[in-house]
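Note: hydrogens, waters and symmetry copies are ignored here, and every other heavy atom, side chains too, is used. None of the values given here were measured: they were computed from a predicted structure. Each chain gets a letter, A, B and so on, in the order the sequences are listed, and its residues count up from 1.
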Protein chains: 2
Amino acid sequence: MNEPRRLAAVAVELPEGMTPPGTRGQVLHAALALFAEYGFHGTSIRDIARRVGITSASLYAHYPAKADILAALVLLGHQELHTRLQRALVTAGTSPGGQLAALVRAHVLAHADYPLLATVANSELHALTAEQAAPALALREQSRHLLLEVLRHGTATGAFTVADELLAAVAVGSIGLRVAAWFGPDQPYTREEVADAFAEFALRIVDATTARERQR
Amino acid sequence: MNEPRRLAAVAVELPEGMTPPGTRGQVLHAALALFAEYGFHGTSIRDIARRVGITSASLYAHYPAKADILAALVLLGHQELHTRLQRALVTAGTSPGGQLAALVRAHVLAHADYPLLATVANSELHALTAEQAAPALALREQSRHLLLEVLRHGTATGAFTVADELLAAVAVGSIGLRVAAWFGPDQPYTREEVADAFAEFALRIVDATTARERQR
DNA sequence: GTCTATATCTTGATAGAC
DNA sequence: GTCTATCAAGATATAGAC
């Protein structure tokens, strides 16, 4: 284990309600903090056990293998994000600009609220086998599809002006994803300020016009 | 070592001229491919040695420790990016819009040309001690400063309209950084197409006005 | 610079008692 | 569910011959 901190974040947090109770949940919390900081291969099962306050042998009463702990975290992270994106879209109304802003705000807020989870879900996924990663990757594809559909609808109706929706989706997604890496309590912004600013950037990327502007 | 591929990229490449000759360079190439695919802790010195065609003991004739190989790669990656950004700015002229476009193009192209190097330099940096990471982090700060100065100059002269230059810099940087993660020969775009599209997005993010528009 | 051989430690995981 | 004890394998790194 090494010294430099990988993340500015302090609070280790997992989404409520979706986390298993008791020791099983404590294992998840401990593994999340360690995987985010040192990576999956940089963390030993003894490290996790020590943080929970049990021995490494006791871990196996809760998870069959180390990789299964990671798989649970990766899936949880993708579920939380997808749920938030869906909720955002449902309450966003019908204007393409409003929908895009809602998606970006939800994306940013999810990464601001659970930076550790987002980091582990995204950059430790390679430590899983294809079968273990599959459920999370399926969710990721669905989330990507939500954004893509909003962009396509926006360009089709003339609300957006984008040469290539796929590239726009990648760009918009990138600014939200990276929030997990830099945002934290050390930054001079609230999570809402970042969400608003990045939603505005997304609208600019697609050259969104308001209804009033279109009437001119 | 696991199965799923972390990157779509195929060609393992390091910037010419900056790479040491002979076996020392081969070690760097081998470690780059493995670190990018499996992570620093997911790669053993035996893996690296096998790929070069020597034994693990022979590695120590070239690098004092495994972490020193990573440190060399991380520094190389940051040097290559910073050099490209500087070159881009020098030949960009004096218009803020042109300077921003040049920076973004260089940023995107660097990540498209050396995705493995960018991945290792960015997401395996946490495996280094603070002293080992320091030179690379210093270069990163300088690169960040280049972008920030262009944004500040643009807003100060009225060429850009941005509420917060720091947030704009993060957003613009994010779309370039992520290129290493998704762009590859499997994508239906050339590197130039992505660079042009993302430069346009950056100009939209800062609401860049052309000289002619300002005269109205 | 490369090798064989090895020291030393840590790893993920299991056996079996309580 | 937790423990102690342990296994077998893999890790980084070194010693010393050629």
Can you tell me if B/Gln99 uses its side chain to pair, donor with acceptor, with the backbone of B/Gly93 under 3.5 Å? yes
Between A/His41 (NE2) and C/dG12 (P), how many Å, whole number? 10 Å
Has the side chain of B/Arg105 got a donor or acceptor atom that lies under 3.5 Å from a matching backbone atom of B/Ala195? no
Respond yes when some side-chain nitrogen or oxygen of A/His62 is under 4.0 Å from OP1 or OP2 of D/dT2, and no when none is. yes
OP1, OP2 of D/dT2 versus side-chain N and O of A/Thr55: anything below 4.0 Å? no
If I take atom OH in residue A/Tyr38 and atom C1' in nucleotide C/dT10, what distance separates them, rounded to the nearest angstrom? 17 Å
I need the CZ-P distance between A/Arg24 and D/dT2, as an integer number of Å. 12 Å
Anything under 3.5 Å between a protein N or O and an N or O of nucleotides 13-18 of chain D, put it in a table, one pair a line.
unit_1: D/dA13; atom_1: OP2; unit_2: B/Tyr60; atom_2: OH; d: 3.1
unit_1: D/dA13; atom_1: OP2; unit_2: B/Lys66; atom_2: N; d: 3.1

d(CZ, B/Arg50; P, D/dG10) in whole Å: 10 Å
Could you label the plane-to-plane angle of the A/Trp182 and A/Tyr189 rings as parallel, tilted or perpendicular, counting under 30° as parallel and over 60° as perpendicular? perpendicular
Should B/Ser58 be listed as having a side-chain N or O under 4.0 Å from OP1 or OP2 of C/dG1? no
Is it true that a side-chain atom of B/Arg191 and a backbone atom of B/Leu109 form a donor plus acceptor pair closer than 3.5 Å? no
Applying side-chain contact (heavy atoms from CB on, under 4.5 Å), run through B/Asp47 and B/Tyr38 and close with a yes or a no. CA-CA 11 Å; B/Asp47 296 329; B/Tyr38 306 103; over 6 Å; no
Counting only side-chain nitrogens and oxygens, does B/Ser44 get under 4.0 Å of the OP1 or OP2 atom of D/dA11? yes
Can any side-chain N or O of A/Ser174 pair as donor or acceptor with the backbone N or O of B/Arg178 at less than 3.5 Å? no
To the nearest Å, give me how far apart CG (A/Asp47) and P (C/dG12) are. 8 Å
Using a 3.5 Å distance criterion without hydrogens, assess whether the side chain of A/Asp196 forms a donor-acceptor pair with backbone atoms of A/Glu193. no
Protein-nucleotide distance (A/Leu59, atom CG; C/dT14, atom P), rounded to Å: 13 Å
Mind calculating the distance between CD1 (B/Ile48) and C1' (D/dT12) to the nearest angstrom? 11 Å
